[in-house]
*Asks:* 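Questions regarding the structure given below will be posed in turn.
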Amino acid sequence: MENLVILKKFKELFGTEPVSIVRSPGRINLIGEHIDYNDGFVLPASINKEIILAISPNNIDDTCNLFANDFNSSFSFQLSNFEKTEQGWPNYIMGVVDELKKAGYQPKAFNCVFGGNIPTGAGLSSSAAVECGVAFALNEIFKFGLSRLDIVQISKKAENHFVGVNCGIMDQFASTFGKANHVIKLDCKTLEYQYFPFQIDGYDVVLCDTGVKHSLGDSEYNTRRKECDTAIALLKSKFDTIKSYRDVTPEHIISISSELPDKTIDRANFVIGEIKRVGDATDLLSKNDIIGFGQLMFQTHDGLSKLYEVSCTELDFLKDLAVESGLVTGSRMMGGGFGGCTINLIKKENTETFIDKAKSAYKVKFNKELKTYVVAIKDGTSLV
Ligand code: GLA
């Protein structure tokens, strides 16, 4: 359906059929939050919310013409000379072009229309989906010969350098490498990965979207990253055995606690706790112990809220509601934080009751409609 809308718009704007149509999904992450940039393991999957891009080379001149259908907004830039814009969304596309050029590829000018059903600001990585979709599409039409991993790395660098968020690799990896009905266990240190069948019969994965995106998100994200880097640099300088957060014990952190601000120590404690939880969680998942897995999700939320301080009132409210309702097996905030969604594992027979309860409680508390999504796990970025 969305394909047809995008196709129609492309023809209307450019008078021809596009050369390629690409789909690129958003992601969930079951557990392993804020540890992709701390050498941990994460457990994401690509979902049935995606953007569609229609694209063709612009064989006329040096101009790239873009149209974001969801925002009804257009933008053009010269391939030979462009810079970051206040308009926001074009930066994800120009960032990819910029990184391709830096890596020695020579993209030519192109026309692109895109849009889809990934809610923006919901923590489902709509930006990574755009970046990976654009890198994938340019690779198709200009035959750069990029591997999937190249696409991931170029897209991540686009976000780091051009957009200016110092994100880790999880979102771009999940969007590009996703596999239907599987979660990816990604080792963010070595980039080795393994697909885990995600067939938890009788359960739904339900996202509750707070509908808020607190503006301090990006800057706080970069601050968290710096705090983590400060603590690990000190630990490495003191202990030869420590090469990354994976080698750090609670005792190591106690030994440096007087040398760093309390908050930095809290961040480091969260990171080592979360790295351990992901190990435990994958063991539980392979034994099909969903109850145990869910308990770890609750713990992750508490760590993100109290030690890492990336939650917000709305997210805490939804997670508390999930616990108090007795209807939810596991619940936590997901993604970067300061808004976006909670991810919930719910027995199918409880899904509807919980959604109704959550919607009315959210309305009473915040006077806002709560959006919810029951998600399915789909393949990563591909040609349509
Ligand atoms: C954002 C970033 C990811 C990751 C998550 C938190 O989604 O883009 O790299 O750090 O936050 O786990």
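Numbers for residues simply follow the sequence, beginning at 1. Counting starts at 1 for both ligands and their atoms, in listed order. Keep in mind the model is a prediction, meaning the values are calculated, not measured.
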*Asks:* Give me the atom names and distance for the closest heavy-atom approach of Val97 to Pro107.
*Replies:* CG1-CG, 4.1 Å
*Asks:* Mind checking salt bridge (Lys or Arg N to Asp or Glu O under 4.0 Å) for Lys348 and listing every partner two or more places apart, or none if nothing turns up?
*Replies:* Asp204
*Asks:* Just distance, no hydrogens or angles: give the donor-acceptor pairs under 3.5 Å from side chains in residues 352-361, sequence neighbours left out.
*Replies:*
unit_1	atom_1	unit_2	atom_2	d
Lys359	NZ	Leu370	O	3.0
Ser360	OG	Asp356	O	3.1
Ser360	OG	Lys357	O	3.3

*Asks:* Give a yes/no verdict on a cation-pi contact between Lys368 and Tyr362, requiring under 6.0 Å between NZ or CZ and the six-membered ring centre and an angle within 45° of the axis.
*Replies:* no
*Asks:* With a 4.0 Å heavy-atom cut-off, what residues sit around ligand 1?
*Replies:*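 Protein residues near ligand 1 are Arg27, Glu33, His34, Asp36, Tyr37, Cys167, Gly168, Met170, Asp171, Tyr221, Gly335, Gly336.
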*Asks:* Counting neighbours of NZ on Lys9 that are heavy atoms of other residues, nucleotides or ligands and sit closer than 6.0 Å, is the number greater than 12?
*Replies:*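 Yes - once you tally the heavy atoms of other residues, nucleotides and ligands closer than 6.0 Å, there are more than 12.
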*Asks:* Distance-only criterion, 3.5 Å: show the donor-acceptor pairs between side-chain atoms of residues 321-335 and protein atoms not counting sequence neighbours.
*Replies:*
unit_1	atom_1	unit_2	atom_2	d
Ser325	OG	Leu321	O	3.4
Ser325	OG	Ala322	O	2.9
Ser325	OG	Leu327	N	3.1
Ser331	OG	Asn344	OD1	2.7
Arg332	NE	Leu30	O	2.9
Arg332	NH1	Glu33	OE1	2.8
Arg332	NH2	Asn29	O	2.6
Arg332	NH2	Leu30	O	3.3
Arg332	NH2	Glu33	OE1	2.9

